[in-house]
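What follows is a single structure, written as structure tokens, with notes after it.
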Amino acid sequence: MADRHPSSRSYLVGALLARTGDEMAGPALLLAGLALTGSATGASSLLAAVTVSAAIGGPVLGALLDCSPRPGRLLAGALVLYATGLAVALGTLGRGPVAVTLLVAVVTGLLGPALSGGWTAQLPRTVPAGRLPRANALDAMTFGAAGLAGPALAGGAAEALGAPTAVVVSAVLIAAAAPAAWRLPPVSGPAPAPVSGPTAKSRAAPLTGFVTSGVRAIAGSRPLARATLTSVLSCSAQGMMTVCLPLLGERAAGGAGFGAALLSCAALSALLANAALARHPHAVAPDTVLWAAPLLQAAALALAATGGPVALVVAVAVVGLAEGPQLTALFAVRHREAPERLRAQVFTTGASLKITGFAVGAAVAGPLADRFPSGALLVAAGIAALAVPACFAVRPGGGPTRPTTHA
């Protein structure tokens with residue numbers, strides 16, 4: 001994944017560290033919750049708590065990034081605070097009231113979009129414009145590589161050293177990415193002034209209008225709205241699958257860690273698919289990938305519901321084949337359609353909605369998985385399939401829509 005441009009190399013290294021820690025944190029928290037509470041409902045509540053608040057944190061963080069002359073330094077601070085929050089949540093888990101642990105997780109989750117959309121929004125400043133499509137695919141590959149390493153590290157650390165240690169390692173990896181974020185290039189020229197609509201009426205725009213500018217930019221562009229809705233529904237299905245896998249892994253192989261490590265199968269196939277896209281970034285229109293990928297994901301989740309060990313491994317791998325190109329396509333549409341002055345807000349708002357979708361899926365799956373994990377996977381398959389008609393039903397809420405082109 002290395003790139004010849006120094007800023008791009010630093011960007012990719014930092015993104016890989018932060019995202020590996022983040023991909024490790026989810027399964028590690030889930031396993032720690034299972035170990036210390038003994039309930040899939042309690043574990044899924046912890047996972048949902050650390051992700052659901054992204055709906056608020058994403059737009060606010062994006063607004064701050066768009067106004068900062070050195071957004072990388074703001075990202076660095078967010079990474080350190082996120083890692084600290086994970087450590088504090090772990091320290092309270094099983095040692096105090098559950099409400100306190102969930103509250104810490106919710107506050108920590110406000111910074112979650114920094115690791116995904118907040119970081120990716122800085123990509124155009126690290127590479128020449130002509131190399132952005134390839135850099136976009138490489139950026140998406142960091143998610144695949146992180147998704148491969150993170151769950152495997154979480155499962156391995158949980159089995160060898162205990163689930164709490166896995167959470168600590170994830171926090172260390174996230175904090176280790178802060179220096180790379182600090183060195184990201186500054187904004188060229190003065191930082192954009194806050195805006196409350198398509199054009200700024202004053203430099204002292206109301207804070208609420210400033211923060212919701214990214215939401216309006218997404219709602220006013222059909223390509224952005226379609227891409228966002230499709231990705232949110234797909235993430236909801238992935239959240240349900242993530243909760244189910246430890247229980248299914250325990251039944252299939254006698255260990256919940258095996259189920260968490262299965263996520264690495266999805267990440268490996270996603271990484272391979274994105275590696276092919278990096279070599280041929282114009283092979284398939286991103287708008288086509290966005291509706292085709294959920295169909296493949298739905299079929300794979302239905303296969304996983306059969307419960308057999310072989311079917312489970314194959315199904316999770318197929319989910320990755322859909323997930324990897326879908327993420328690359330999502331980034332391509334955002335880079336193509338987002339107004340420059342609102343780029344970070346579009347990315348972090350979109351990321352926050354995806355994370356919230358994941359949280360809702362995880363929360364819904366917990367009670368279902370306690371009773372019938374295969375049934376929860378069938379529900380997840382239905383949600384993924386719903387993304388296809390929802391994608392074509394989207395209409396923009398207002399504002400101009402640019403012509404669709406290959407990214």
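Note: Cys235 SG to Met241 CE = 10.5 Å, rounded to the nearest 0.5 Å. Note that CZ of Arg125 and CG of Leu184 are 8.0 Å apart. Values are rounded to the nearest 0.5 Å. Once rounded to the nearest 0.5 Å, the distance linking CG of Leu61 with CD1 of Ile56 reads 13.5 Å. Taking CD of Glu323 as the reference point, atom OG of Ser231 lies at 11.5 Å (rounded to 0.5 Å). The CG atom of Leu268 lies 9.0 Å from the CG atom of Leu321; values are rounded to the nearest 0.5 Å. In this structure, the separation between NZ on Lys354 and CD on Gln238 is 7.0 Å, given to the nearest 0.5 Å.
Using a distance-only test at 3.5 Å, with no hydrogens or angles considered, no donor-acceptor pair links the side chain of Ser221 to the main chain of Ala217. Side chain of Thr349 to main chain of Val346: no donor-acceptor pair is present (N/O by atom type, distance under 3.5 Å, no hydrogens or angles). In this structure a side-chain-to-backbone donor-acceptor pair under 3.5 Å is missing from Thr228 to Ala225. One N or O on the side chain of Arg19 and one on the backbone of Leu115 form a donor-acceptor pair closer than 3.5 Å. A distance-only check finds no donor-acceptor pair linking the side chain of Thr142 to the backbone of Leu16 [under 3.5 Å]. Thr230 places no side-chain N or O within donor-acceptor distance of the main-chain N or O of Ala227, the cut-off being under 3.5 Å. With Thr120 contributing its side chain and Gly117 its backbone, the two residues share no donor-acceptor pair below 3.5 Å. Asn136 contributes a side-chain N or O that, together with a main-chain N or O of Thr328, makes up a donor-acceptor pair within less than 3.5 Å.
Each of Leu271, Leu272, Leu327 was evaluated against Met141; a single residue qualifies, Leu271, per the side chain to side chain contact (heavy atoms under 4.5 Å, CB included) test. For the side chain to side chain contact (heavy atoms under 4.5 Å, CB included) with Thr101, the lone residue among Val88, Leu46, Val106 that qualifies is Leu46.
Between Thr20 and Ala149 the shortest heavy-atom distance is CG2-CB, 4.0 Å. Between Val289 and Pro325 the shortest heavy-atom distance is CG1-O, 3.4 Å. Taking all atoms of both residues into account, the shortest heavy-atom contact from Pro186 to Arg70 is CB-CD, 3.1 Å. Across all non-hydrogen atoms, the minimal contact from Ala78 to Leu111 is O-CD1, 3.7 Å. Contact detail for Val167 and Ala32: the closest heavy-atom pair is CG2-CB, 4.2 Å. Here the closest non-hydrogen pair linking Ser352 and Pro113 is CB-CG, 4.0 Å.
With a 4.5 Å cut-off on side-chain heavy atoms, Arg334 and Leu330 count as touching. When side chains are defined from C-beta on, Val187 does not count as touching Ser68, because their heavy atoms never get closer than 4.5 Å. Contact annotation: the side chain of Met240 approaches that of Val364 to within less than 4.5 Å [non-hydrogen atoms, C-beta and beyond]. No side-chain heavy atom of Val107 sits less than 4.5 Å from a side-chain heavy atom of Val104. Within the 4.5 Å cutoff, side-chain heavy atoms of Arg343 are placed close to those of His335. No side-chain heavy atom of Pro294 sits under 4.5 Å from any side-chain heavy atom of Leu233. Side chains of Leu29 and Val50 form a contact here, defined as non-hydrogen atoms less than 4.5 Å apart. Between Ser269 and Val318, every side-chain heavy-atom pair lies at or beyond the 4.5 Å cut-off.
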message: For a side chain to side chain contact (heavy atoms under 4.5 Å, CB included) check, start with the C-alpha distance between Phe358 and Thr242, then their side-chain angles and the critical distance, and finish with the verdict.
response: CA-CA 9 Å; Phe358 183 95; Thr242 299; 3.6 Å; yes

message: Leu224 vs Val333, test: side chain to side chain contact (heavy atoms under 4.5 Å, CB included). Steps then yes/no.
response: CA-CA 7 Å; Leu224 284 174; Val333 171; 4.3 Å; yes

task: List the steps, then state whether side chain to side chain contact (heavy atoms under 4.5 Å, CB included) holds for Asp139 with Gln122.
output: CA-CA 11 Å; Asp139 184 37; Gln122 314 309 314; over 6 Å; no

field: Stepwise side chain to side chain contact (heavy atoms under 4.5 Å, CB included) check, Val310 with Val313
entry: CA-CA 5 Å; Val310 175; Val313 173; over 6 Å; no

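The aromatic rings of Trp119 and Tyr11 stand perpendicular to each other, their planes meeting at an angle above 60°, with 30° marking the opposite boundary.
A salt bridge is absent between Arg222 and Asp287; no separation between the charged side-chain nitrogens and carboxylate oxygens falls under 4.0 Å.
The ring-ring contact (aromatic ring centres under 6.0 Å, His included) search around Phe143 returns Phe331, not counting sequence neighbours.
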